[in-house]
Amino acid sequence: MELSPFSFRLSSLILEIIERKKVSLDIALKEALKKLRTYEEAPKAYRIAIIALKRFAEADLLLKSKGMLGIPLRRKCAFRVAYSLVKEGLVEVKDIRGVRGGLLSNRLLRLFTKGELENVENLINSLPIAERLSIKFSTPKWIVETFLRFLGERETTEILKANLIRRRWIRVNTIKINIKDALKSLVERGLRPKIDKDYRFLIEVSDASIPLDNLPLIKRGHAILQDKGSVIVVESLGVKREDLILDVAAAPGIKTSLIQQVRNNEGNVIAVDISKKRVLAMKVLLKKLGVRGISIILGDATRGFFRGKFDKVLIDAPCTNSGAMRQDPALRLILWNKPGIERYHKLQHLMLINGIDMLKKGGVLVFSTCSFSEREGEAHFEQKMNDITLDPSGIKFGARGYKEFSSSEYVRRLFPHLHGTIGFFIARAIKE
Ligand SMILES: C[S@@+](CC[C@H](N)C(=O)[O-])C[C@H]1O[C@@H](n2cnc3c(N)ncnc32)[C@H](O)[C@@H]1O
């Protein structure tokens, strides 16, 4: 790889922004570009940042072993980038020396000797298993521990490996364009689109190593980025033309818009979200996509308002996002320190109770979180809830929930290594 001082600086800054501001990779790239304005370097820096986000924990371990973990964040991020590229065999130490500017001191550069790199390898291999896998795959230890506890070592390693491979899908907005034209537009942009085997309106574009929201197709509202797992969640609702649907936690409206796409804009959805900013973004998005039949409410979905009114309720609850690392590698860094999961658990549970209340008898409720944590999944259904029966029959794909839970047979989990998606927990319930 040909490394320039600009791509080195830009990729280091992307990591720094992610860690400081806890933002996604794509947002960090935009912010970094505003600052450095080296636009032509963006695709390369983006690729480099992805590589570094999959290796940063090893770099940190090396720094820690030398008592240097406390160096300024700017330098630490530059070190992570340099380490990752050297370790992947993409550049040599002399290349780093040529581009480092003021970002890497001689002391840091001296850590790139063959002996030091071998030492890190030995150090990793001497660690207890959860820590070892966490560092090897730059995945937060608390997530690795969850996998080990419920799935065992072999499957944990499979998930962690699959999670390193970024798969991305574009959902063609068939309200506005047909699939053939969408494919043509993607090919014209130099991509190699592949129609998904299960959903014809989903096109896989995993070969793209650029932010995809700049594609003309997306800018015009002819398509939207959506993971296949998110499509499976919506499909579990079994949307019918005449259904009155409540979508709580709806913004920015990716799932809401799919609900209307599958029934050709017929029927009505009440979409609720508590965030003013996200509701605004939702309004813009739905307009751009040409979606109709949505009434948007800025409100708190933990408080009831429409008792027993809806045929279907979708609760795509706010969560840690720990299932989405594959889509957004920035989450590896953002979630490194365990976030407050209990806060999410409580909020999700209140939404669930309230959602059940708003459902008609015989109606269907789908509860989903893009999380690997059992507290954001199975734990919600440990005690029998009045009024509902879990019925996974409408969830087309997914493995059983984590063992040890009484609900595990009746709920579903999507995993990167089994389903190719990001991680999702899905429960589907019928109101008695
Ligand atoms: C996972 S996101 C939803 C994504 C959305 N379903 C989609 O597909 O585009 C969770 C959403 O829950 C919203 N939220 C958080 N607390 C809420 C509450 N108490 N009531 C309603 N919405 C809430 C957040 O603002 C956020 O937009």
Side-chain angles (χ1 to χ4, degrees), residues 24 139-140 142-143 145-147 149-151 159 163 226-237 246-256 258 271-275 278 300-302 312-328 331 334-335 338-356 364-383 385 388 390 392 394-402 404-405 407-408 410-416 418-419 421-429:
S24 70
T139 301
W142 63 274
I143 298 176
E145 282 168 343
T146 306
F147 293 151
R149 175 174 163 202
F150 295 114
L151 304 167
I159 300 179
N163 226 11
Q226 184 166 23
D227 187 83
K228 186 172 175 179
S230 162
V231 172
I232 295 170
V233 170
V234 173
E235 190 192 37
S236 310
L237 272 178
L246 176 68
D247 182 357
V248 303
I254 297 169
K255 295 185 186 65
T256 323
L258 177 57
V272 184
D273 203 283
I274 203 166
S275 157
R278 288 175 71 99
D300 183 350
T302 62
K312 307 271 159 76
V313 172
L314 172 62
I315 306 173
D316 184 37
C319 69
T320 52
N321 274 335
S322 53
M325 276 180 296
R326 172 181 225 198
Q327 196 177 45
D328 181 9
L331 287 164
I334 295 171
L335 297 175
K338 192 172 182 178
I341 295 187
E342 286 315 302
R343 184 173 62 86
Y344 283 114
H345 175 85
K346 277 195 194 124
L347 178 60
Q348 292 159 4
H349 208 72
L350 286 174
M351 282 184 168
L352 187 56
I353 303 287
N354 202 38
I356 294 170
V364 174
L365 177 140
V366 170
F367 171 89
S368 63
T369 54
C370 57
S371 168
F372 286 125
S373 164
E374 79 287 1
R375 296 295 295 157
E376 302 183 277
E378 294 80 353
H380 285 297
F381 301 92
E382 263 316 83
Q383 270 145 23
M385 285 192 197
I388 59 156
L390 287 172
I395 311 173
K396 197 158 157 195
F397 302 96
R400 285 178 175 196
Y402 291 142
E404 290 182 25
F405 291 92
S407 64
S408 86
Y410 306 101
V411 295
R412 294 290 176 262
R413 277 198 175 272
L414 299 175
F415 289 108
L418 296 177
H419 310 103
T421 61
I422 59 170
F424 256 109
F425 171 85
I426 313 177
R428 179 177 177 274

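Below, all heavy atoms of this structure are taken into account, side chains as well, without hydrogens, waters or symmetry copies. Everything numeric here is computed off the predicted structure, so don't read it as measured data.
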Hey, are the side chains of [X] and [Y] touching, using non-hydrogen atoms and a 4.5 Å cut-off?
| X | Y | value |
| --- | --- | --- |
| Ile232 | Phe424 | no |
| Leu347 | Arg343 | no |
| Ile159 | Leu151 | yes |
| Met351 | Pro318 | yes |
| Asn354 | Thr302 | no |

Check: Trp142 side chain, Ser373 main-chain N or O, donor-acceptor pair, under 3.5 Å: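 Such a contact is absent between Trp142 side chain and Ser373 backbone.
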
Asp227 side chain to Thr421 backbone, donor-acceptor under 3.5 Å: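 Answer holds: no.
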
Steps toward side chain to side chain contact (heavy atoms under 4.5 Å, CB included) verdict (His380, Val411): CA-CA 11 Å; His380 285 297; Val411 295; over 6 Å; no

Phe372 ring center within less than 6.0 Å of Phe147 ring center: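 They qualify: ring centres under 6.0 Å apart.
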
Taking salt bridge (charged side-chain N to carboxylate O under 4.0 Å, His left out) as the definition, give me every residue that meets it alongside [X], ordered by chain and number, with sequence neighbours left out.
| X | result |
| --- | --- |
| Lys338 | none |
| Glu376 | none |
| Arg149 | Glu374, Glu404 |
| Arg278 | none |

At what distance, to the nearest 0.5 angstrom, does [atom1] of [X] lie from [atom2] of [Y]?
| X | Y | atom1 | atom2 | result |
| --- | --- | --- | --- | --- |
| Tyr410 | Ile395 | OH | CD1 | 13.5 Å |
| Ser407 | Gln383 | OG | CD | 11.5 Å |
| Leu365 | Lys312 | CG | NZ | 11.5 Å |
| His419 | Lys396 | NE2 | NZ | 13.0 Å |
| Phe367 | Leu390 | CZ | CG | 11.0 Å |

For Ile422 against Cys370, the heavy-atom pair lying closest together: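 Nearest heavy atoms, Ile422 then Cys370: CD1-CB, 4.2 Å.
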
Non-hydrogen atoms of Pro339 and Thr320 that approach each other most closely: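 Looks like CG-CG2, 3.7 Å.
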
All side chain to side chain donor-acceptor pair (under 3.5 Å) counterparts of Glu145, not counting sequence neighbours: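 For Glu145 there are no side chain to side chain donor-acceptor pair (under 3.5 Å) partners, ignoring immediate neighbours.
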
Partners passing side chain to side chain donor-acceptor pair (under 3.5 Å) against Arg428 (at least two apart in sequence or in another chain):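 Per chain and number, Arg428 pairs via side chain to side chain donor-acceptor pair (under 3.5 Å) with Asp391.
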
Test log, rule side chain to side chain contact (heavy atoms under 4.5 Å, CB included), inputs Leu314 and Val233: CA-CA 9 Å; Leu314 172 62; Val233 170; 3.9 Å; yes

Residues, nucleotides or ligands: over 12 heavy atoms within 6.0 Å of Lys346 NZ: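 No, not enclosed.
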
Stacked cation flag Arg375 on Tyr344, 6.0 angstrom / 45 deg: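 No, Arg375 and Tyr344 do not form such a contact.
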
Mutual orientation of the aromatic rings belonging to Phe150 and Tyr402 [parallel < 30°, tilted 30-60°, perpendicular > 60°]: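 Parallel, since the angle between the ring planes stays under 30°.
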
Evaluation steps, side chain to side chain contact (heavy atoms under 4.5 Å, CB included), between Met385 and Leu352: CA-CA 10 Å; Met385 285 192 197; Leu352 187 56; 3.3 Å; yes

